[in-house]
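Below is one structure, written out as structure tokens, with a few remarks after it.
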Amino acid sequence: MIVAETIADVKKYVKEWKKNGETIGLVPTMGYLHEGHASLIKKAREQNDRVVVSDFVNPTQFGPNEDLEQYPRDFEADKKLCAGLGADLIFHPTPEEMYGKDHFTKVHVDTLTAGLCGAVRPVHFDGVCTVVTKLFHIAEADRAYFGQKDAQQLAVVKRMVHDLNYNIEIVGCPIVREADGLAKSSRNTYLSPEERKAAVILSASLKEGKKAIDAGEKDLKKITDIITKKLETEPLARIDYVSAVDFNLLQPKDRLDGEETLIAIAVYIGKTREIDNIIVR
Ligand code: AMP
């Protein structure tokens with residue numbers, strides 16, 4: 001597996017591959033890789049001749065009071081995991097390499113970024129859209145892989161690709177969970193043992209919501225109330241939002257219909273902000 005630290009290096013390999021008519025699958029990550037990331041890399045491996053994994057804690061998607069410095073990093077372990085899964089190249093740039101001294105351009109997706117996580121993380125999605133745009137171009141990717149874990153991100157990136165006519169296919173991948181249901185996340189390492197136990201309330205509350213849906217409930221206010229009540233049973237949990245939106249423009253909706261509905265939650269467990277969701281028809 002090639003380890004590349006510069007944009008020029010990645011472009012050099014990509015140019016060769018493209019000359020041979022090979023397809024390229026890109027998996028953008030912030031590193032500290034786990035089985036959730038692995039599922040994306042495996043999918044990319046199945047569908048493309050070449051697989052590029054980017055491993056970059058992107059500073060522009062963190063707000064001033066967020067966990068940029070604290071964010072966990074272990075590049076040696078990431079390299080092993082990627083090599084073991086048959087990735088062709090891991091791209092591990094510094095912030096200076098990605099942004100240089102003079103970077104004036106941002107990609108902004110409107111409307112879809114106003115609610116959910118965007119409401120408390122105002123700079124986040126501009127940072128995401130800008131960095132993934134750069135990565136799409138650097139890797140000349142034919143496909144890029146994103147987890148449903150970050151459902152708003154997936155919807156925003158799909159919209160950006162649609163609106164700006166990027167020549168790339170966005171592949172969404174299901175949420176990979178721990179045995180007790182907690183969605184795998186690099187940020188789970190912030191949880192104390194007691195908080196880790198409490199964090200299961202996220203997936204448990206969504207399960208209660210799903211049970212009501214399976215029993216025929218279509219009123220989304222009733223469904224989000226069931227989820228909220230369950231979350232409120234956990235003393236260590238503080239709700240940021242429990243929302244039901246359409247999984248296209250991410251606008252609030254009242255009833256389940258034929259279209260995909262995203263039921264998304266964000267909950268503080270102690271100081272750690274955790275997210276989870278289900279998508280239902
Ligand atoms: P991150 O490194 O947290 O920025 O995540 C990189 C990519 O992995 C994003 O597309 C995430 O949605 C995806 N991802 C993270 N955790 C999971 C998970 N538990 N299951 C599936 N995909 C995930």
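Counting starts at 1 for both ligands and their atoms, in listed order. Reckoned from all heavy atoms, side chains included, excluding hydrogens, waters and symmetry mates.
When all heavy atoms of Arg281 and Gly258 are compared, the pair lying nearest together is NH1-O, 2.6 Å.
Each of the atoms 15 (C), 16 (N), 17 (C) of ligand 1 lies under 4.0 Å from some heavy atom of His34. Close approach to Phe146 involves these atoms of ligand 1, each under 4.0 Å from a residue heavy atom: 10 (O). Per-residue contacts place Thr29 under 4.0 angstrom from the following atoms of ligand 1 (heavy atoms of the residue considered): 2 (O), 6 (C). In the vicinity of Lys184, heavy-atom distances shorter than 4.0 Å reach the ligand 1 atoms 16 (N), 17 (C), 18 (C), 19 (N). Heavy-atom contacts of Leu40 reach the following atoms of ligand 1: 7 (C), 8 (O), 10 (O), 13 (C), 22 (N) (cutoff under 4.0 Å).
Looking at Lys184 and Glu178, a side-chain N of the basic residue comes within less than 4.0 Å of a carboxylate O on the acidic one, giving a salt bridge.
Across the listed options Met30, Glu35, Lys149, Lys43, Lys149 owns the non-hydrogen atom lying nearest to atom 17 (C) of ligand 1. Proximity annotation for atom 6 (C) of ligand 1: of Gly172, Gly147, Pro28, Pro174, Pro28 comes nearest, heavy atoms only. When the heavy atoms of His37, Arg187, Gln61, Glu178 are ranked by distance to atom 2 (O) of ligand 1, first place goes to His37.
At least one heavy atom of Gln153 sits closer than 4.0 Å to an atom of ligand 1. The shortest separation from a heavy atom of Arg177 to ligand 1 is not under 4.0 Å, leaving the residue out of contact.
Between the side chains of Tyr190 and Asp67, at least one donor N or O lies within less than 3.5 Å of an accepting N or O. Counting only N and O atoms by type, the side chains of Thr133 and Tyr166 include a donor and acceptor under 3.5 Å apart.
Considering backbone and side-chain N/O of Asp150, one or more are found under 3.5 Å from N/O of ligand 1.
Phe75 and His92 have parallel rings, their planes meeting at less than 30° on a 0 to 90° scale where 60° marks the start of perpendicular.
Counting protein heavy atoms only, atom 20 (N) of ligand 1 is closest to Val176 N, 2.9 Å.
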Given side chain to side chain donor-acceptor pair (under 3.5 Å), test Asn277 with Gln148 step by step and report yes or no. CA-CA 8 Å; Asn277 68 80; Gln148 186 200 309; 2.8 Å; yes

Taking it one step at a time, do Asn58 and Tyr71 satisfy side chain to side chain donor-acceptor pair (under 3.5 Å)? CA-CA 10 Å; Asn58 174 37; Tyr71 197 84; over 6 Å; no

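Partner Glu169 forms a salt bridge (charged side-chain N to carboxylate O under 4.0 Å, His left out) with one of Lys43, Lys158, Arg143 and no other, that one being Arg143.
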